Number of protein chains: 2
Amino acid sequence: MPTPDPPRPGFLLPLLLLAGFRTLIDDLHAELARQGHAELRPLHGFVLQAVGADGTTASELGHRLGVSKQAAGKTVDRLVALDYLERADDPRDARRKLVRLTPHGLDGLRRSAVIFDELRQRWADTLGAERVAALEDDLRTVTPANWFRLDVPGWLTG
Amino acid sequence: MPTPDPPRPGFLLPLLLLAGFRTLIDDLHAELARQGHAELRPLHGFVLQAVGADGTTASELGHRLGVSKQAAGKTVDRLVALDYLERADDPRDARRKLVRLTPHGLDGLRRSAVIFDELRQRWADTLGAERVAALEDDLRTVTPANWFRLDVPGWLTG
DNA sequence: TAGATTAGTCAATGTGGTTGACCAAACCGT
DNA sequence: ACGGTTTGGTCAACCACATTGACTAATCTA
């Protein structure tokens, strides 16, 4: 059986962007698995990044991730069960439950940052550093200004 | 409250690729909704594209989409309910059930192609045609050769 | 202090994915 | 032609991630 027909012209661009993203994410998690973080799912890296070293709350996390506070809360539950996050009471506001990285979670986040840097360097070795930079510049240009609000939908689940 | 800290250097590249993809998909579906296809979810366009004008079977569809035949079957169920796809018996093999686009589905697929072409043109107007082409070339270079197997995980659900 | 807002949780539901089990039809080698 | 294997489809159970609505408790504010 031959490979399926290549997509029509207009379909190419989104597919390539998706493929580029997927490639990075897949490579990241393959390497993370090798480094002792096999349980980390694609989505989780974004969550750890959004929690950050300073910690946050479930509601704020939901806002950063662009999902409801309930969805954020459930994701935190799972990452607590995996020992990536922990909850603590906020002494200044009894309603709030602070969400913080555990040492294990901080390790995962730091390794992710290192691996992403390496992957970007690999792209720079292949394409040339200036083309990677141009690619980033171009994407920043055509993308809404608030792109860094880590708006990651369900789809990283793959 | 200030916007959250921008991501660390290594995190930028995947986030920008994701943002670019999301921007295209969101714009596509906003326009599709205006043109009478409000029920089409982000994933569905890829499925229609994978079904193609000639039709296919659930198993083959699963292969093209990189998911199990069961998952493909359930997705077909949903698109049948929305009148985008229909099933028919294969007279030459009683096991197979052909999956075909309905007229409504074909309309959605064609409109998607047109809109994607327009969006790509919009990028070319902003960045210049040669930079869009360079972007595509670069992504093709750093991406596995089989990228056009429409390997779309759960995440288009957003 | 009363009323509005905010944080978190629970419950029900939807979508898209997985594995395993199973049946019927088709294929293939003796 | 027959019997074993492969293939296509479906069912069931389950998981991950999202939604909305309802609710409590704590805090803020007029």
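Keep in mind it's a predicted model, so treat the numbers as computed, not measured. Chain letters run A, B, ... following the sequence lines, proteins first and then strands; every chain starts at 1.
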Below 30° counts as parallel, above 60° as perpendicular, anything between as tilted: where do the rings of B:H104 and B:Y84 land? tilted
Given C:dA7, C:dT9, D:dT19, which nucleotide is nearest the side-chain atoms of A:R87?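 For the A:R87 side chain, the nearest candidate turns out to be C:dT9.
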Nearest-Å distance, [atom1] ([X]) to [atom2] ([N])?
| X | N | atom1 | atom2 | result |
| --- | --- | --- | --- | --- |
| A:L61 | C:dG8 | CG | P | 10 Å |
| B:R41 | D:dA18 | CZ | P | 13 Å |
| B:E60 | D:dG8 | CD | P | 9 Å |
| A:H63 | C:dG8 | NE2 | P | 14 Å |
| B:L40 | C:dT15 | CG | P | 14 Å |
| B:L85 | D:dG9 | CG | P | 14 Å |
| B:R96 | D:dT6 | CZ | P | 19 Å |
| B:D89 | D:dG9 | CG | P | 10 Å |

Does [N] have OP1 or OP2 under 4.0 Å away from a side-chain N or O of [X]?
| X | N | value |
| --- | --- | --- |
| A:H44 | D:dA16 | no |
| B:S59 | D:dG9 | yes |
| B:T57 | D:dG9 | yes |

Go along nucleotides 20-27 of chain D 5' to 3' and tag each nucleotide: B for a protein heavy atom under 4.0 Å from its base, S when only backbone or sugar atoms are that close, - otherwise. BB----BS
Check side chain to side chain contact (heavy atoms under 4.5 Å, CB included) between A:A134 and all other residues, then give those that pass, not counting sequence neighbours.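 Once residues adjacent in sequence are excluded, the partners of A:A134 under the side chain to side chain contact (heavy atoms under 4.5 Å, CB included) criterion are B:R131.
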Linking I/L/V/M/F/W/Y whenever any side-chain heavy atoms sit under 4.5 Å apart, do A:V76 and A:L98 land together?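 In one cluster: no.
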Pairing of B:R64 and B:E60 as salt bridge, 4.0 angstrom limit: yes
Smallest heavy-atom separation, B:V51 atom then B:V99 atom, equals CG1-O, 3.8 Å
For the residue pair B:P42 and B:I25, what are the closest heavy atoms and their distance?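 Taking every non-hydrogen atom into account, CB-CG2, 3.8 Å.
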Enumerate the ring pair (Phe, Tyr, Trp, His ring centres under 6.0 Å) contacts for residues 109-130 of chain B, please, sequence neighbours excluded, ordered by first and then second residue. A:F11-B:F116
Set of side chain to side chain donor-acceptor pair (under 3.5 Å) partners for A:Q35, sequence neighbours left out: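 Result, side chain to side chain donor-acceptor pair (under 3.5 Å) vs A:Q35: A:E31, A:R111.
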What are the residues of residues 74-84 of chain B, sorted by number, that bring a heavy atom to within less than 4.0 Å of DNA chain C?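 Contacts with DNA chain C under 4.0 Å: B:K74, B:T75, B:R78.
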Considering only residues two or more places apart or on different chains, which pairs with a residue in residues 67-81 of chain A satisfy salt bridge (Lys or Arg N to Asp or Glu O under 4.0 Å)?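 Those involving residues 67-81 of chain A are A:D77-A:R87.
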